[in-house]
Amino acid sequence: MCGIVAYVGAEKAGPILFDTLKRLEYRGYDSAGIAMRSNGDLLVLKSAGRISELEKAYLTQGSPGDCMGIGHTRWATHGRPSDDNAHPHTSGDIAIVHNGIIENYLELRERLFDLGYRFSSETDSEVLAHLINHHFRGDLAEAVSEAISEVEGSYALAVLSSRSSAVVCARKDSPLVIGVGLGCNYVASDVPALLPYTREVVRLRDGELAIIHRGQLEIKDLSGRPVAYLMEHIDWDVDAAEKGGYSHFMLKEIHEQPRALQETMAGRISEIGGDVMIDLGFSDDEVRKIQRVCIVACGTSYHAGLLARYLFLRAAGLPVDVEVASEFQHQQMRPETLLVAISQSGETADTLQALKKASPCGIRCIAITNVVGSTVTNLVDGTIYTRCGPEIGVAATKTFTSQLAALILLGIRLGRARGHISPDKARKMLVEFSRLPGFVQEVLDEREKIREIAEQYAGSSTYFFIGRDYLYPIALEGALKMKEIAYIPAEGYAGGELKHGPLALITDGTPVVALATCGKKIQSNIKEVRARGAELIAIVERGDPNIGKVASTVIELPPAMPILSAVLCTVTLQLLSYYTALKLGREIDKPRNLAKSVTVE
Ligand code: F6R
C-alpha cells in the first residue's frame, strides 16, 4: 500500500504536496518523492526514508517548482526501499506515481526493453512511465488510456508531463479521490489528506480517467467519452478521517482484509496451469529433496504456523514442526529440512534469533513477512511478502489473514513442485481460493450481528474458544485477540482436549465459542460444554441444520473449503473481540503493555 497525491493550482505545488503526503504516511513511509513542473521542465526529488527528510532537502534547495505536481509515499512491494525504487518514476518528460501492483510487469518490462527503454528501478511501477511515454503522441489522457489497457493488476495512478497542462489520473481496484478547490484541484489516495484544503471531493471509479486542470475537472471513460460525476461534501472531522471514517485502526484494518488478501494473491496464481508462481530462492530440485518443514514464529504469527502444520502435510506430504521462536531448540537440523520464519514485522528478535541458531545447519530458509527489506529478509534464501500495507493497530489482523493466504500459496507451491498434488486438484483449490476476498466481505457484512453478541457477553469473566483441525489454531488466535484487546482471560483449546482438564472451568453461563464450520466431531465437544451450562456461541456454515438446536447463539458463515473457512472464522473472531473491547472502553489500537514490533528477546 502506498499513498499518492497531486496538485494543480495557483500556488507553489511543493509545500502542498509535502503536506498532503504527510497525511497519507499511515499508508507507507519507507520512501517518498515528488515531481513538479519547473520552468517548463520536470523536476523530480525522491529518496528512501521519511517524507520530512525529503522536505528538508526541498527547503534547502530553495523550494523550487511551479504550481503543478505529483507525489508519493511508498510501502515497498516490488524492490527494497531505495532512492531508485522511490516514486515518481520517469520516462522522457513523463513522471508517474503509482499505488497498486502491476501483475504483468515482467512481460511489459521485456517488451519495453526490446523497444529501447531502460529501467533504473526494481519496481513494477516503472513500466507504467515507459508505457505511457511509448503511447504519448501529444494527448496525455489518450496515452494513459492506451497504456492502462495493456496493464493487468491494480493501480491508482497520477501522471505529470512538462508537455501537458493537466495531471491525468486513473484507477482500478485502488482508491483515488479528487479534491475540488477554488481555482485549484487536488488528488489523494484517501480523503483525510485533502481535508485542510477542501471538503468537496469526487471519488474516481474503476475504468475512469480524471483530467485535472487548474480550474477544471474532466472525467472520461477509457474510450474518451465524458462521464458525469458526483461531488460529495465531507463532514467528518480530521481525526476520524485518518482512520478512513472507522473508529479505530484495528476496525479499519479488519475491513481492509478483502483487499489485503487480493494483494497477497496478485500475480501469484495460475488457475490455468494449476500452479502458484512464487520464487523460493532455490530450485525445484531442492524442493523435492525437502523431507520436513520447521516453522518458527511468535504470537499471532505462530498461530499461522500451526495452521500450516495441517496444510503442508495434506498439500505437499511434508510433516511440519511448529516452534515458538523463543523456545526454538532445533540447532541440529538435518540438511533436508526447510525452515520457514513467519513475522509480519520482520523484526521480532525471538524469530530472528531462531533463524540465526538454525543457520549453521546449512538448511534452506524462507521468510513470510509484510515489510520489504526488514531484517528477516536478510537471513533467508527467499521471502514471500504478504503485501497488505502497514498495520497500525497493535493487534495483528490483516497481517494474520494474509499470512494464512501466503501459507496456502506456499503449500500448493511445494505440493506441485513435489508432485504431491495434481495440476487439476491445485486448479480447483486455486479457483476456490480466489473467491476468498468475496467470502470475507460477506462476513464483514454481518458485523452488526457479531457486535450484538459481543455486547451481550462483554461482562463475562472468562471466554473459551474451541476448534478442531484447521480451526484449532484459529481458536487459539481468537483467545489471544480477546485477551490482548478486551483484557478478558480467554483460553483456546482443541475441541478434544477439553475433557482432559479444562472442562472443570466450564460452569453456568461461561461463554464458549465453538468453531463448527467443518467436521462433525466438534459436535460432541459442544454437547460436553452445553451439559455443564455453557453459553454456546456456535460459528457454523450457513444452513447447518443441527447446531442451531444446541447453541445459545449462532453465527453463520458462507460455505467454503475448510482451510478457507479458517480465514472466515478468524475474521468473525476479530470482530467479536473488537466489539467486546469497544463495549468495555479499552484502548483498542494500543493495548496496555504491548508494542507493535517486539525487538527484544
Ligand atoms: C498479536 C500480535 C503478536 C505478534 C507477535 C509476533 O496480535 O500482533 O502476537 O504476532 O509479536 O510479531 P511478528 O509477526 O511481527 O513477528
Side-chain angles (χ1 to χ4, degrees), residues 75 248-254 256-257 260 264 295-308 322-328 339-356 358 365-380 383-407 463 465 473-488 490 492 567 570-571 573-578 580-581 586-601:
W75 179 261
H248 293 91
F249 281 108
M250 182 180 175
L251 189 62
K252 176 169 180 269
E253 286 152 7
I254 290 173
E256 279 170 358
Q257 289 176 110
T264 311
I295 298 182
V296 287
C298 307
T300 289
S301 298
Y302 169 73
H303 297 151
L306 287 178
L307 185 122
V322 192
E323 302 277 340
V324 169
S326 55
E327 292 296 323
F328 179 69
L339 187 73
V340 181
I342 310 176
S343 171
Q344 65 80 20
S345 63
E347 302 294 349
T348 300
D350 290 325
T351 308
L352 300 180
Q353 213 43 44
L355 266 174
K356 285 178 194 158
C365 300
I366 294 179
I368 296 181
T369 185
N370 193 36
V371 184
V372 173
S374 54
T375 309
V376 76
T377 63
N378 300 325
L379 303 174
V380 293
T383 300
I384 305 175
Y385 288 111
T386 46
R387 304 174 180 160
C388 41
E391 191 172 65
I392 312 281
V394 163
T397 52
K398 63 175 179 174
T399 53
F400 176 63
T401 47
S402 292
Q403 285 170 350
L404 300 184
L407 286 163
Y463 241 105
F465 294 81
I474 307 306
L476 296 177
E477 174 60 10
L480 176 61
K481 283 287 157 289
M482 193 57 88
K483 287 183 266 213
E484 193 182 5
I485 62 161
Y487 312 155
I488 297 181
V567 179
T570 303
V571 177
L573 299 188
Q574 291 168 349
L575 288 167
L576 187 72
S577 55
Y578 173 81
T580 306
R586 307 298 192 218
E587 231 197 303
I588 294 178
D589 283 333
K590 290 191 183 120
R592 69 184 176 212
N593 307 337
L594 301 179
K596 188 70 193 159
S597 178
V598 186
T599 51
V600 287
E601 276 184 75

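Here, residue 1 is the first one in the sequence, and each next residue gets the next number. Atoms within a ligand are numbered from 1 in the order they appear, just like the ligands themselves.
- Side-chain atoms of I485 and M250, non-hydrogen and from C-beta on, do get closer than 4.5 Å to each other.
- The part of V394 lying near ligand 1 is the backbone, judged by heavy-atom distances below 4.0 Å.
- Partners of T369 under the side-chain hydrogen bond (donor to acceptor under 3.5 Å, both in side chains) rule, at least two apart in sequence or in another chain, do not exist in this structure.
- Residue K481 places a heavy atom less than 4.0 Å from ligand 1.
- Legend: residues meeting side chain to side chain contact (heavy atoms under 4.5 Å, CB included) with A341, ordered by chain and number and at least two apart, are V296, T351, L355, V376.
- The environment of NZ in K590 is sparse: at most 12 heavy-atom neighbours from other residues, nucleotides or ligands sit within 6.0 Å.
- Looking at E484 next to ligand 1, an N or O pair under 3.5 Å apart turns up.
- Looking only at side-chain heavy atoms (C-beta outward), N370 and W75 come within less than 4.5 Å of each other.
- Ligand-side atoms of ligand 1 in range of A395: 7 (O), range being under 4.0 angstrom from any heavy atom.
- Within ligand 1, the atoms closer than 4.0 Å to a non-hydrogen atom of A396 are 7 (O), 8 (O), numbered from 1 in the order shown.
- Considering backbone and side-chain atoms alike, T351 places every N or O at 3.5 Å or more from each N or O of ligand 1.
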